[in-house]
Trainee: 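Pasting in a structure now, in C-alpha cells, and then I'll have a few things to ask.
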Amino acid sequence: METLHRIDALRPRVAAWRRAGERIAFVPTMGNLHQGHLELVRQARGRARRVVVSIFVNPLQFGPNEDLSDYPRTLEVDHQGLEREGTDLLFAPGGDEMYPRGQAVQTRVEVPGISDILCGASRSGHFVGVATVVCKLFNMVQPDLALFGEKDFQQLLVIRRMTADLCLPVEIVGVPTVRESDGLAMSSRNGYLSAEERTRAPSLYRALQAAAQGLRQGAALAQVEGQAWAELERSGLRPDYVSVRRALDLATPSPGERILVILAAAYLGRARLIDNLQVGL
Ligand code: PAJ
C-alpha cells in the first residue's frame, strides 16, 4: 500500500488507474480505524479493482467547543489495518494541503434542509464541513463509487443529496452499522467512555430496538420517542434527540409511511453517542 500526503502526487496515481479502465472505490475517514471502517474497506474491495482510503481529521466539521484537539490520531496502527485489508492507496493530507488559504475563506458546500435538523441542529455548521471536505476529496480522487456507514445515517443522506444536486459522477454506497457484541455501534468516540460508562452505553441501541418493536406493534410515534427518551435517562445518558423519521429523506413521517428510521443522539460522560435503526412496517 502506498501512502500519499499531497494532492499533486495523488492525481497522477489515480489518473493512471482510470486510464487503464480500473474501477476505483473510495472510503473517506478521520482515522482511528475500527472494524466499522474496515468493513467499508472490505465492501470497497469487493466492488472495485482499486481502493483508496483517506484519513483526515477535518477541522471544518468540528464546532468551537467540540473534540478536534482530543480526536484520536493513530496513523501507524491505521496504516497496518488498511494494508491487511488490501487497500491500494492511503491518502493522508495535512490541514494546509486541504485548506491552503485557511478555513475562513474556504469555498463551502451547503446542503440546506437536511443539514439543519437532528445532529445539524445541535452541531451548527457540522454538515457544511462534512459536505465541503467530501466534495473536495471526491474531486481529488475522482472515484467511481464511495462508501459511507449507515451508522452516520444523516451524513449518508447529506452526501447522497450533495452528490445528486452537484451531479457528481460518484455512486454512493451505504454500509450497515458494525456493532460490538453488546450492540453498541462501533465509533472512534467510544474511546472517550470510562469503563463504567461503557457498561451503560449499549442502552442506546436497546432503546432503539424497543422503539422499533413499538412501531411494529402500531404505537404512536410520539409515544415511542418518549419511551426511548425515558429509557436513555434511566440508564444515565443525557438524550439530545430521539426521532422517528422517513428513512428516504428524514422528513416527518406521514400516516401510513412504511419505511422509517429511528435516530438518537445522547451524551454519556465526555462522549456524544449517535445511533439509528431502520424499520420497515
Ligand atoms: P469517520 O467518523 O472516521 O467515519 C468514516 C466512515 O466510517 C463513515 O462513512 C462512517 O459512517 C463509517 N463508520 C463509522 N463507524 C461505523 C460503524 N460502526 N459501522 C459502519 N460504518 C461506520 O464520518 C466521518 O469520519 C467524516 O465525517 C468524513 C465522512 C470522513 C468526512 O470528514
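Both counts, for ligands and for their atoms, begin at 1 and track the order of listing.
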Trainee: For ligand 1, which atoms have a heavy atom of Phe148 less than 4.0 angstrom away?
Mentor: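 So the answer, numbered in order with elements, is 9 (O).
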Trainee: Taking CZ in Arg45 as the centre, count heavy atoms belonging to other residues, nucleotides or ligands within less than 6.0 Å. Is the count above 12?
Mentor: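 Result for CZ/Arg45: enclosed.
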Trainee: In the hydrophobic clustering (ILVMFWY, side-chain contacts below 4.5 Å, transitive), which residues join Val175, or is it alone?
Mentor: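 Members other than Val175 - counting any ILVMFWY side chain reachable under 4.5 Å - are Met1, Val27, Leu33, Leu38, Leu40, Val41, Val51, Val53, Ile55, Leu75, Leu82, Leu90, Leu145, Leu147, Val173.
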Trainee: For Met186, is at least one N or O under 3.5 Å away from an N or O on ligand 1?
Mentor: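 Checking ligand 1 against Met186, an N or O pair does fall under 3.5 Å apart.
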Trainee: State plainly whether the residues Arg123 and Asp240 are in salt-bridge range, i.e. N to O under 4.0 Å.
Mentor: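 Salt bridge absent between Arg123 and Asp240.
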Trainee: Which heavy atom of the protein is the closest neighbour of atom 6 (C) of ligand 1, given with residue, atom name and distance?
Mentor: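 That would be Leu40 CD1, 3.6 Å.
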Trainee: One residue to check: Val178. Relative to ligand 1, which of side chain, backbone, both or neither has a non-hydrogen atom less than 4.0 Å away?
Mentor: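 Both backbone and side chain.
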Trainee: So do the side chains of Asp67 and Phe62 get within less than 4.5 Å of each other, counting heavy atoms only?
Mentor: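 Touching, per the 4.5 Å side-chain cut-off.
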Trainee: Out of Met30, Lys151, Gln61, who is nearest to atom 31 (C) of ligand 1 when you count heavy atoms only?
Mentor: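 Comparing heavy atoms across Met30, Lys151, Gln61, the nearest one to atom 31 (C) of ligand 1 lies in Gln61.
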Trainee: What residue and atom, counting heavy atoms only, is the protein's closest point to atom 2 (O) of ligand 1, and at what distance?
Mentor: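 Checking every protein heavy atom, the shortest distance to atom 2 (O) of ligand 1 gives Tyr71 OH, 4.0 Å.
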Trainee: Among side-chain atoms of Ser203 and Arg234, is any donor-acceptor pair under 3.5 angstrom?
Mentor: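 The criterion, which ignores hydrogens and geometry beyond distance, is not satisfied for Arg234 and Ser203.
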Trainee: Classify the contact between Leu156 and ligand 1 as side chain, backbone, both or neither, using a heavy-atom distance cut-off of under 4.0 Å.
Mentor: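 No part of Leu156 comes within reach of ligand 1.
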Trainee: Check the orientation of Phe56 and Tyr99. Use parallel for under 30°, tilted for 30 to 60°, and perpendicular for over 60°.
Mentor: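 Ring orientation of Phe56 relative to Tyr99: tilted.
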Trainee: Nearest 0.5 Å, please: how far is OG1 in Thr29 from CZ in Phe91?
Mentor: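 Reported to 0.5 Å precision, the distance equals 12.0 Å.
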Trainee: Should one rank His37, Arg189, Gln155, His126 by closest heavy-atom distance to atom 7 (O) of ligand 1, which comes out on top?
Mentor: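 Minimum heavy-atom distance to atom 7 (O) of ligand 1 goes to His37.
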Trainee: In the protein, what heavy atom is nearest to atom 13 (N) of ligand 1, and what distance, to one decimal place, separates them?
Mentor: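 Checking every protein heavy atom, the shortest distance to atom 13 (N) of ligand 1 gives Asp152 OD2, 4.2 Å.
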Trainee: What atoms in ligand 1 come closer than 4.0 Å to a heavy atom of Val133?
Mentor: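 Within the 4.0 Å cut-off of Val133, ligand 1 contributes 31 (C), 32 (O).
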Trainee: Between ligand 1 and Gly149, is the shortest N or O to N or O distance under 3.5 Å?
Mentor: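 Yes.
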Trainee: For Asp8, I'd like to know if atom CG has over 12 heavy atoms of other residues, nucleotides or ligands within 6.0 Å.
Mentor: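 Atom CG in Asp8 is crowded, with more than 12 foreign heavy atoms closer than 6.0 Å.
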Trainee: If we set the cut-off at 4.0 Å for heavy atoms, which region of Glu150 has an atom near ligand 1: side chain, backbone, both, or neither?
Mentor: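 It is neither; nothing of Glu150 touches ligand 1.
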Trainee: Measuring from non-hydrogen atoms of His34 to any atom of ligand 1, is the shortest distance under 4.0 Å?
Mentor: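 Per 4.0 Å heavy-atom rule, His34 contacts ligand 1.
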Trainee: For ligand 1, does Pro176 get within less than 4.0 Å through its side chain, its backbone, both, or neither, judged by non-hydrogen atoms?
Mentor: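 Near ligand 1, Pro176 shows its backbone, while the atoms from C-beta on stay back.
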Trainee: Donor-acceptor pairs are to be reported for all side-chain atoms of residues 128-136 against protein atoms at under 3.5 Å, with residues two or more places apart or in another chain.
Mentor:
residue	atom	partner	partner atom	Å
Thr132	OG1	Val109	N	2.9
Thr132	OG1	Val128	O	2.6
Lys136	NZ	Met98	O	2.8
Lys136	NZ	Gln106	OE1	3.2

